[in-house]
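Only one structure is covered here, and it is reproduced in the block below.
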Amino acid sequence: MDLVIRGARVADGAGGPSYSADVAVHEGRIVEISPAGGLPGGRTTLDADGLVLAPGFVDMHAHSDLALLRDPDHSAKAAQGVTLEVLGQDGLSYAPADEATLTGVRAAIAGWNGPGDDVDFDWRTVGGYLDRLDRAHGGQGIAVNAAYLVPQGTVRAYALGWDDRPATPAELDRMRRLVAEGLEQGAVGMSSGLTYTPGMYASGAELAELCAIVARYGGYYCPHHRSYGHRALDAYAEMIALTREAGCALHLAHATMNFGENRGRAPELLALLDRALAGGADLTLDSYPYTAGCTTLAALLPGWAGAGGPDAVLARLRDDATAERIRHALEVEGSDGCHGVPVDWSTVEISGTADPAHAHHVGARLDGWESARRLLIADRLGPTILQHVGHEENVRAIMRHRVHTGGSDGILHGAKPHPRAYGTFPHYLGHYVRELGVLTLEECVAHLSGRPAARLRLPDRGLVRVGYRADLVLFDPRTVAAGSTYAAPRTLPTGIPHVIVDGRFVVRDGHRTQVLAGRTVRRTPVGA
């Protein structure tokens with residue numbers, strides 16, 4: 001055997017009681033599970049007394065689309081026990097795209113991933129991007145495994161630009177083809193960002209047409225829906241209804257209920273989901289265990305201000321009369337970009353800028369529209385923000401739900417990122433399991449491994465089972481904890497000494513190795 005793990009407490013990802021066992025790994029797969037003390041040693045033998053052995057964690061909502069290419073270490077995720085990330089989130093990523101679309105997308109999400117000047121964008125298709133990940137870092141691969149969602153906003157920009165208008169029949173056909181091609185090339189589904197331009201310009205009928213293509217290939221739809229604030233329940237209901245019409249599986253991104261009007265209203269959301277599940281919906285969700293949100297400052301602007309793409313946005317911001325219309329939408333009406341809620345600038349904290357020359361703003365709370373306007377213009381829409389609008393009681397209620405999974409929504413770019421980027425998974429295990437008892441350890445491991453792997457329809461990942469891929473994490477249930485905080489967000493976690501991808505240690509004895517065992521995980525098409 002390549003590796004024998006002896007005497008571990010196995011939480012196998014299915015949610016049942018944990019048990020003591022030896023686990024043998026050979027050629028990247030689990031080949032034997034025996035009662036503790038039942039296996040001889042292997043080429044490497046690891047004494048796991050006092051440690052929990054679990055399937056590697058799946059980050060169902062990751063923004064590592066460029067980070068995996070630029071940073072071979074990628075300890076932000078590897079040190080948390082994450083062995084698989086799902087990229088292409090919120091309807092905006094870098095494939096499929098032509099040159100013009102790629103230019104616009106790079107500018108639009110520079111706050112998420114940086115401008116990308118240090119990355120060779122030598123792909124234009126989903127398959128090309130996945131191939132690029134597999135041959136990253138001199139052909140060695142990437143730190144952890146990665147799956148990809150076709151980004152609906154990027155597809156819309158590719159087919160008809162950044163205009164706020166309905167698609168023509170020909171443009172809708174082109175979007176259908178782009179989504180189908182992405183799924184044929186290995187994407188696991190489609191994402192949307194329905195408070196982000198240009199994805200937000202799509203009608204429910206247009207989205208349903210694209211979801212029907214996703215369903216045909218056995219994928220799932222992952223929307224950041226139209227509101228997490230005003231009329232949030234209506235926004236959730238819209239996603240449930242349109243996927244029911246399309247016959248498509250639904251995974252609700254960073255599911256929560258934010259802003260003052262939704263304090264304590266998570267039970268209403270969960271009742272809505274329970275009714276959908278009882279009616280036969282194929283439905284899951286993810287959440288992060290924090291109350292603050294994180295996005296770009298430009299995302300708060302009303303949708304009409306984003307028509308035409310980033311250069312058009314900057315032109316509107318520079319025009320005093322148009323800027324006053326934007327201010328009124330933000331502060332009085334409640335813009336669609338800010339979830340229909342009038343912005344409270346005291347909740348908005350700058351977490352990063354695209355240009356280091358503006359980094360002195362990081363950590364500051366905005367004091368009003370003019371400050372926001374000046375920074376958006378100076379940093380060319382690059383600032384990222386933390387938005388302190390969540391509620392702890394909602395966070396706890398949602399994470400208990402039987403279709404819940406974990407997603408960091410971790411933006412790794414910026415001087416002061418959200419601590420969820422470095423801390424989501426150990427924070428679940430340390431704070432919400434050990435300290436608060438919101439979930440049992442076995443339940444939590446299932447939420448972070450077996451359940452997301454089932455959503456991704458991966459036949460050999462997400463469980464500690466003979467024949468399964470040896471993507472594994474060993475953690476100390478007495479000490480596991482997030483090190484990251486709002487004050488020190490890039491601090492690595494404690495209590496996770498070993499992380500294994502494809503049978504190889506990417507973290508050993510608490511230290512990142514030089515191993516790059518990650519590869520893309522691609523959906524096999526079920527037929528068009």
Side-chain angles (χ1 to χ4, degrees), residues 58-62 86-93 95-96 126 147-156 158-159 167 172 175-196 198-228 232 234-256 269 272-273 276-277 279-287 403-405 407 409 451-458 521-523 525-526 528:
V58 179
D59 189 342
M60 286 296 287
H61 193 100
V86 185
L87 314 176
Q89 299 287 349
D90 294 325
L92 288 167
S93 189
V126 169
Y148 189 74
L149 296 165
V150 179
Q152 170 259 330
T154 301
V155 165
R156 199 173 206 272
Y158 195 170
L172 183 57
M175 285 190 279
R176 288 193 194 98
R177 289 196 301 273
L178 289 168
V179 171
E181 288 167 2
L183 292 160
E184 289 169 356
Q185 293 164 15
V188 296
M190 181 181 76
S191 75
S192 283
L194 301 180
T195 65
Y196 301 125
M200 70 189 315
Y201 302 144
S203 67
E206 179 181 310
L207 295 170
E209 289 283 342
L210 301 182
C211 283
I213 301 297
V214 176
R216 185 184 305 169
Y217 285 88
Y220 69 91
Y221 180 44
C222 179
H224 164 131
H225 53 267
R226 298 191 193 275
S227 177
Y228 293 80
D234 292 342
Y236 281 108
E238 180 195 10
M239 298 298 99
I240 292 169
L242 75 86
T243 50
R244 181 188 296 118
E245 176 187 347
C248 184
L250 173 63
H251 181 84
L252 295 164
H254 38 62
T256 189
L269 168 61
L272 173 67
L273 302 184
L277 290 162
D282 183 356
L283 169 65
T284 51
L285 59 90
D286 66 64
S287 75
V403 299
H404 170 267
T405 67
D409 196 11
R451 189 176 297 161
R455 161 49 71 219
L456 294 166
R457 297 181 180 172
L458 303 177
V521 175
R522 310 190 192 201
R523 178 174 298 285
V526 296

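Side-chain atoms of Y148 never come within 3.5 Å of backbone atoms of V521 as a donor-acceptor pair (strictly under, hydrogens ignored). For the pair Q185 (side chain) and V126 (backbone), a donor-acceptor distance under 3.5 Å is present. At distances below 3.5 Å, at least one donor-acceptor pair connects side-chain atoms of R457 with backbone N or O atoms of G218.
Considering CG of L92 and OH of Y196, their distance stands at 8.5 Å, rounded to 0.5 Å. For the atom pair OG (S93) and CD (Q152), the distance works out to 13.5 Å, reported to the nearest 0.5 Å. With rounding to the nearest 0.5 Å, the separation of OH in Y158 from CE in M175 is 13.5 Å. Atom CZ of R176 and atom CD of E206 lie 9.5 Å apart (nearest 0.5 Å). Here the CG atom belonging to L194 is positioned 12.5 Å from the OH atom belonging to Y201, to the nearest 0.5 angstrom. In this structure, CZ on R216 lies 4.0 Å from CD1 on I213, to the nearest 0.5 angstrom.
Judged by distance alone, the side chains of S287 and H404 do bring a donor and an acceptor atom under 3.5 Å apart.
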query: Can you list the steps and then say if S192 with H224 is a side-chain hydrogen bond (donor to acceptor under 3.5 Å, both in side chains)?
result: CA-CA 6 Å; S192 283; H224 164 131; over 6 Å; no
- request: Could you walk me through whether V403 and L277 pass the side chain to side chain contact (heavy atoms under 4.5 Å, CB included) test, one step at a time?
  value: CA-CA 10 Å; V403 299; L277 290 162; 3.9 Å; yes
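For the residue pair G407 and D59, the shortest heavy atom distance occurs at CA-OD1, 3.4 Å. Of all heavy-atom pairs between P198 and R156, the closest is O-CD, 3.5 Å. Residues R226 and L207 share a closest heavy-atom pair of NH2-CD1, 3.6 Å. Counting all heavy atoms, side chain and backbone alike, A215 lies closest to A246 at CB-O, 3.8 Å. Here the closest heavy-atom approach between residue L273 and residue L283 is recorded as CD2-CD2, 3.8 Å. Listed here is the closest heavy atom pair of R455 and R523: O-NH2, 4.3 Å.
Proximity of L250 to D282: side-chain heavy atoms (C-beta onward) are nowhere separated by under 4.5 Å. Annotation: side chain of C211 is in contact with side chain of L242 (closest heavy-atom distance under 4.5 Å). Side-chain contact check for V86 versus L149: some heavy-atom pair is nearer than 4.5 Å. Residues E181 and P96 are not in side-chain contact: their nearest non-hydrogen atoms beyond the backbone lie 4.5 Å or more apart. When side chains are defined from C-beta on, V155 does not count as touching M190, because their heavy atoms never get closer than 4.5 Å.
In this structure Y220 satisfies the ring pair (Phe, Tyr, Trp, His ring centres under 6.0 Å) test together with H251, sequence neighbours excluded. Residues passing the side-chain contact (heavy atoms from CB on, under 4.5 Å) test with A255 are Y236, L252, L285, sequence neighbours excluded.
Taking the charged nitrogens against the carboxylate oxygens, D286 and R451 have no contact shorter than 4.0 Å, which rules out a salt bridge.
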